[in-house]
Amino acid sequence: MSDKEKHFETIVVHAGVKPDPSTGAIMTPIFATSTYVQVSPGKHLGYDYSRTHNPTRTALETSLAALEGGKYALALSSGCTGTDILMHLLEVGDHVVSVDDVYGGTSRLFRTIWARHGVETTFADLTHKSLSDFATTKTKMVWIETPTNPLLKIIDIEKVVAEAKKLPQKPIVVVDNTFASPYFQSPLELGADVVLHSTTKYINGHSDVVGGALMTHDKGLLDRLHHVQNSIGGIPGPFDAFLVLRGIKTLALRMQRHGENAFELAQWLEKHPAVEKVLYPGLESHPQHTTAKKQMKGFGGMITFFIKGNLDNARKFLESVKVFALAESLGGVESLVDHPAIMTHASIPVETRKALGISDNLIRLSVGIEAIVDLKEDLDNALKRSQ
Ligand SMILES: *Cc1c(COP(=O)(O)O)cnc(C)c1O
């Protein structure tokens, strides 16, 4: 049975993982080695140096490719490494169109590093405008993140892919699928050329690794991406590769619970007297709920809401939570709460942040897999104290 015919719950447990041929060990060993013995110059078993390939990483890459229904994957030292590797495909004078509410680190890389190296990025609201409103003849990459961070906007992947295909230069369409995870959304099936993940988040899921991944169906593109990675580095060590592989085994179970808990909390928050507004793609009140239903199998574990009042009220809430931990990042088994304006999105210029709607009363939740009653009680207590 090929990976394509198997169910996601089976793929996460088995893809890439084979008993070790020399010992029968059921778990992939951590191959802590930089080099490999050759029987004759250039004659080896597929491994010559660990920047290029490493067996623990190969197992992880096979698993990662299967998660996205892709043929190929590269495991990386972080999600930002993936963004940087993709940008290395471009030439001076090339142009990128990116979703406006993009991950803060992605925006920072585009604005403060790649702009200096001659690649300009236009940040665009692709929820209701079309790609052709922003693309030039030099547009070689289209950067989609959906749901976005922290406003959870939904971009219609198929629509943007179709618009990109109409451009004569055929820009590469990238989807950052970190927020949805491969459990809820499959951008390669919707026509994207490459999927990016910060495996730091849901894919590893245990808040103990920083890592990234790129997945694609296109062997030519994979070879170009691997050439960049092999040239600049940006590889995960074998121990990190092992941890991510281990995290993936429970991805389906975790995502199911993240999704259920978040859906219930979002509905409950929407009725809470201390809450002004809730953004969650699964709610009918979400402006792109129809698109979310079309392209996602569920709505994920992230909720954004606006607390009634101002920064003081937000602060009181954030200092009062006990089960939720006040911390950056997301996608781990434990529930986290974040204040984007001061924490995760501080690197975005303040005017841009304000224009996007990342206000001082905006709070982002990464809903964990704990008991829903405990999460509700914790939020309820902190919300009451906030007012
Ligand atoms: C965290 C994150 C990244 C960056 O990944 P790192 O592993 O922190 O480098 C990129 N995109 C999104 C949506 C993220 O949440």
Side-chain angles (χ1 to χ4, degrees), residues 60 64 68 73-88 96 98-114 121 123 126 141-155 157 174-185 187 192 194-215 229 232-237 240-241 243-244 247-248 255 258 262 279 281 296 299-304 327-332 336-340 343-348 356 358 364-367:
L60 173 60
L64 289 167
E68 281 292 355
L74 287 179
L76 317 164
S77 53
S78 73
C80 287
T81 303
T83 311
D84 196 44
I85 288 177
L86 284 160
M87 291 300 279
H88 270 87
V96 178
S98 166
V99 163
D100 55 357
D101 183 36
V102 75
Y103 173 70
T106 306
S107 153
R108 180 174 56 201
L109 191 59
F110 290 165
R111 285 179 296 105
T112 71
I113 311 282
W114 280 97
T121 301
F123 296 93
L126 296 176
M141 193 176 286
V142 177
W143 195 274
I144 302 173
E145 194 181 305
T146 180
T148 65
N149 175 14
L151 295 166
L152 303 176
K153 294 188 197 176
I154 304 294
I155 315 297
I157 298 172
V174 181
V175 176
D176 181 336
N177 201 25
T178 301
F179 262 44
S181 91
Y183 183 73
F184 287 126
Q185 184 167 273
V194 191
V195 168
L196 169 91
H197 277 281
S198 168
T199 54
T200 315
K201 316 295 167 52
Y202 287 111
I203 288 190
N204 177 58
H206 293 74
S207 308
D208 51 9
V209 173
V210 171
L214 292 170
M215 293 82 155
Q229 185 188 32
I232 65 176
I235 53 157
D240 281 0
L243 282 176
V244 177
I248 287 171
M255 291 319 298
H258 283 298
L279 295 173
M296 301 178 78
F299 306 105
M302 300 299 296
I303 302 174
T304 291
E328 302 202 358
S329 198
L330 60 110
L336 300 180
V337 63
D338 165 48
H339 189 270
M343 294 163 65
T344 44
H345 291 64
S347 67
I348 297 183
L356 284 169
I358 305 174
R364 189 188 80 181
L365 303 178
S366 172
V367 180

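Atoms within a ligand are numbered from 1 in the order they appear, just like the ligands themselves.
Applying the side chain to side chain contact (heavy atoms under 4.5 Å, CB included) criterion to Thr200, with sequence neighbours excluded, gives Ser198, Val210, Ser329. The side chain to side chain contact (heavy atoms under 4.5 Å, CB included) search around Ile113 returns Leu109, Arg116, His117, not counting sequence neighbours.
At the top of the distance list for atom 2 (C) of ligand 1, counting protein heavy atoms only, stands Lys201 NZ, 2.5 Å. Protein heavy atom nearest atom 4 (C) of ligand 1, with residue, atom name and distance: Tyr103 CE2, 3.3 Å. Scanning the protein heavy atoms around atom 12 (C) of ligand 1, the nearest turns out to be Asp176 OD2, 3.4 Å.
Residue Ser198 approaches ligand 1 through these ligand atoms, each under 4.0 Å from one of its heavy atoms: 1 (C), 2 (C), 3 (C), 4 (C), 5 (O), 6 (P), 7 (O). Of all atoms in ligand 1, listed by their number and element, those nearer than 4.0 Å to a heavy atom of Glu145 are 13 (C).
Of the inter-residue distances, the one linking Leu76 atom CG with His197 atom NE2 reads 11.5 Å to the nearest 0.5 angstrom.
Polar contact check, Cys80 against ligand 1: a nitrogen or oxygen pair lies under 3.5 Å apart. Between Gly79 and ligand 1, at least one pair of N/O atoms sits closer than 3.5 Å. Any N or O atom pair closer than 3.5 Å counts here, and Thr200 shares at least one such pair with ligand 1.
Between Gly211 and ligand 1 there is a heavy-atom distance shorter than 4.0 Å.
Note: Trp114 and His88 have perpendicular aromatic rings, judged against thresholds of 30 and 60 degrees for the angle between ring planes.
Heavy-atom contacts from other residues, nucleotides or ligands closer than 6.0 Å to CZ of Arg108 number 12 or fewer.
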- prompt: Tyr183 and Tyr202: side chain to side chain contact (heavy atoms under 4.5 Å, CB included), yes or no, with the steps?
  reply: CA-CA 10 Å; Tyr183 183 73; Tyr202 287 111; over 6 Å; no
- request: Could you give me the CA-CA distance, side-chain angles and deciding distance for Thr148 and Phe179, then say whether side chain to side chain contact (heavy atoms under 4.5 Å, CB included) is met?
  value: CA-CA 8 Å; Thr148 65; Phe179 262 44; over 6 Å; no
